[in-house]
Amino acid sequence: MNKNEKFVIAINRELGSGGRTVGLKLAEKFGVPFYDKALIKNLQEKYHLSVEEIENLKGRSHSWWADFKRIVGIGEALHDAKFYVTKVGAEPELLTTDEMFKAETEILKGIAEAESCVVAGRSGFHVFRNHPNHLNILIQASMPFRIERVARKQNMSPEEARKTIEKVDKMRENYINKYTGNSRYDTHNYDLVISADGKTEDEIVDLIMKFIG
């Protein structure tokens with residue numbers, strides 16, 4: 001990935017690995033927006049964006065994403081990456097239709113065409129696989145590490161945290177299998193795979209920055 005040209009960094013992460021925080025910090029390092037899949041899904045649902053509507057927006061303006069951000073009020077705080085983060089623990093469980101997936105994919109592609117960004121989401125490695133300047137990252141962690149973090153962050157018991165992790169793991173893997181025909185655990189999908197065990201988020205960011213060079 002060439003950091004001196006328009007780029008997209010896609011982060012896939014296990015719940016409890018700290019991957020979302022790493023993505024946020026990485027975006028802040030580069031001074032670019034951070035988006036997560038939940039936000040894109042909410043945008044698509046709130047504004048009923050279909051593939052056809054997105055194509056029409058693109059056809060009317062080369063800077064359609066910038067125009068869209070101004071219209072919906074998310075273009076006023078590009079310096080504040082936290083603006084793009086949904087609440088902790090947010091994991092949309094609404095059924096995703098094929099049309100919704102296609103629309104979300106077009107939105108994500110449009111973002112990456114318009115600006116450099118960091119995106120945390122379940123299918124980023126697939127959506128951006130043909131982007132000319134992308135970096136796909138997977139952040140994992142051991143189950144004890146994940147349980148401790150989720151329990152602490154979401155005020156759960158260890159058993160509740162384990163059940164939540166197992167539920168989200170299954171949901172995310174089913175999503176990936178259905179819409180990409182692949183597994184999110186297949187390391188061939190990524191340029192860099194990192195274990196969060198024994199590392200702080202800042203240390204992981206430093207590792208990524210060194211990898212990019």
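One-based numbering along the sequence shown.
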For this session: Determine whether Leu24 and Val118 make a side-chain contact, defined as any pair of heavy atoms from C-beta on separated by less than 4.5 Å.
Result: no

Exercise. Does Asn155 CG have over 12 foreign heavy atoms under 6.0 Å away?
Worked result: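 Not buried by this count: 12 neighbours or fewer within 6.0 Å.
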
Problem set entry | Partners meeting side chain to side chain donor-acceptor pair (under 3.5 Å) with Lys199 (sequence neighbours left out) |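 Lys199: no side chain to side chain donor-acceptor pair (under 3.5 Å) contacts found.
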
Exercise. Once you round to the nearest 0.5 Å, how far does CZ of Phe34 lie from CG of Leu26?
Worked result: 9.5 Å

Exercise. Rounded to the nearest 0.5 Å, what separation is found between the CG atom of Asn133 and the CD1 atom of Ile9?
Worked result: 9.0 Å

Exercise. Closest approach of Ser17 and Ile139, non-hydrogen atoms and distance?
Worked result: OG-O, 3.4 Å

For this session: Would you check, one step at a time, whether the test side chain to side chain donor-acceptor pair (under 3.5 Å) holds for Thr164 with Gln154?
Result: CA-CA 10 Å; Thr164 297; Gln154 301 194 30; 5.9 Å; no

For this session: Determine, step by step, whether Lys167 and Arg172 satisfy the side chain to side chain contact (heavy atoms under 4.5 Å, CB included) criterion, reporting the C-alpha distance in whole Å, the side-chain angles of both residues, the deciding distance to 0.1 Å, and the verdict.
Result: CA-CA 9 Å; Lys167 178 181 178 181; Arg172 289 179 176 176; over 6 Å; no

Exercise. Do the side-chain N and O atoms of Asn136 and Asn12 include a donor-acceptor pair separated by under 3.5 angstrom?
Worked result: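 No.
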
Problem set entry | Side chain proximity check, Asn177 to Asn182, heavy atoms < 4.5 angstrom |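 Side chain of Asn177 against side chain of Asn182, heavy atoms only: no contact under 4.5 Å found.
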
For this session: Identify the heavy atoms of Ser123 and Thr180 that sit nearest to each other, and give their distance.
Result: CB-CG2, 4.4 Å

For this session: Answer yes or no: is there an ion pair linking Glu113 with Lys109, defined by an N-O contact shorter than 4.0 Å?
Result: no

Exercise. Is Val22 close to Ile208 at the side-chain level, that is, under 4.5 Å between some pair of heavy atoms?
Worked result: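 Yes, at least one pair of side-chain atoms sits under 4.5 Å.
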
Problem set entry | Pair Arg184-Asn189, side chain to side chain contact (heavy atoms under 4.5 Å, CB included): steps then yes or no | CA-CA 8 Å; Arg184 71 191 183 112; Asn189 296 321; 5.9 Å; no

Problem set entry | Nearest heavy atoms of Val150 and Ala161, plus distance in Å | CG1-CB, 3.9 Å

For this session: Over all heavy atoms of both residues, which pair between Pro158 and Ile147 is shortest? Give the atoms and the distance, please.
Result: O-CG2, 3.6 Å

Exercise. Hey, any chance Ile11 and Phe145 share a hydrophobic cluster, counting ILVMFWY side chains that come within less than 4.5 Å of each other, even indirectly?
Worked result: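 Cluster IDs for Ile11 and Phe145 differ.
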
For this session: For residues 130-146, pull every pair meeting salt bridge (charged side-chain N to carboxylate O under 4.0 Å, His left out), keeping only residues two or more places apart or in separate chains.
Result: Glu14-Arg146, Arg146-Asp169

For this session: Indicate, with yes or no, if Val205 and Phe7 share a hydrophobic cluster defined by side-chain heavy-atom contacts under 4.5 Å among Ile, Leu, Val, Met, Phe, Trp and Tyr.
Result: yes

Exercise. Once you round to the nearest 0.5 Å, how far does OG of Ser183 lie from NE2 of His188?
Worked result: 12.0 Å

Problem set entry | In one Ile/Leu/Val/Met/Phe/Trp/Tyr side-chain cluster, 4.5 Å: Met171, Tyr185 |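 Different hydrophobic clusters.
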
Exercise. Donor-acceptor pair, Lys25 side chain versus Glu201 backbone, under 3.5 Å?
Worked result: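 No, Lys25 side chain to Glu201 backbone: no donor-acceptor pair under 3.5 Å.
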
Exercise. Would Glu5 and Asn2 satisfy side chain to side chain contact (heavy atoms under 4.5 Å, CB included), going step by step from the backbone distance to the final call?
Worked result: CA-CA 6 Å; Glu5 296 180 1; Asn2 185 348; 3.5 Å; yes

Exercise. Would you call the rings of His131 and Phe128 parallel, tilted or perpendicular if under 30° counts as parallel and over 60° as perpendicular?
Worked result: perpendicular

Exercise. Would a distance-only check, ignoring hydrogens and angles, find a side-chain to backbone donor-acceptor pair under 3.5 Å from Glu173 to Lys170?
Worked result: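 Pair absent, no side-chain N/O of Glu173 close to backbone of Lys170.
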
Exercise. What is the distance from atom CD of Gln140 to atom OG1 of Thr187, rounded to the nearest 0.5 Å?
Worked result: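 These two atoms lie 8.5 Å from each other.
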
For this session: Apply side chain to side chain contact (heavy atoms under 4.5 Å, CB included) to the pair Arg149 and Leu15, showing each step before the final yes or no.
Result: CA-CA 9 Å; Arg149 183 182 173 88; Leu15 179 65; over 6 Å; no

Exercise. Measuring from Leu207:CG to Asp202:CG, what's the distance to the nearest 0.5 Å?
Worked result: 11.0 Å

Exercise. Side chains of Ile194 and Leu138: does their closest heavy-atom pair fall under 4.5 Å?
Worked result: no

Seminar exercise, completed: For Lys6 and Ser116 the tightest heavy-atom approach is CA-OG, 3.3 Å

Exercise. Looking at side-chain heavy atoms only, is the closest gap between Asp206 and Lys29 below 4.5 Å?
Worked result: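 Yes, at least one pair of side-chain atoms sits under 4.5 Å.
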
Problem set entry | Glu115 side chain reached by Val32 side chain, heavy atoms, under 4.5 Å |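 In short, these two side chains do not touch, never coming nearer than 4.5 Å.
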
Exercise. Where is the tightest heavy-atom contact between Leu135 and Met1, given as atom of each residue plus distance?
Worked result: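 Heavy-atom minimum between the residues: CB-SD, 3.9 Å.
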
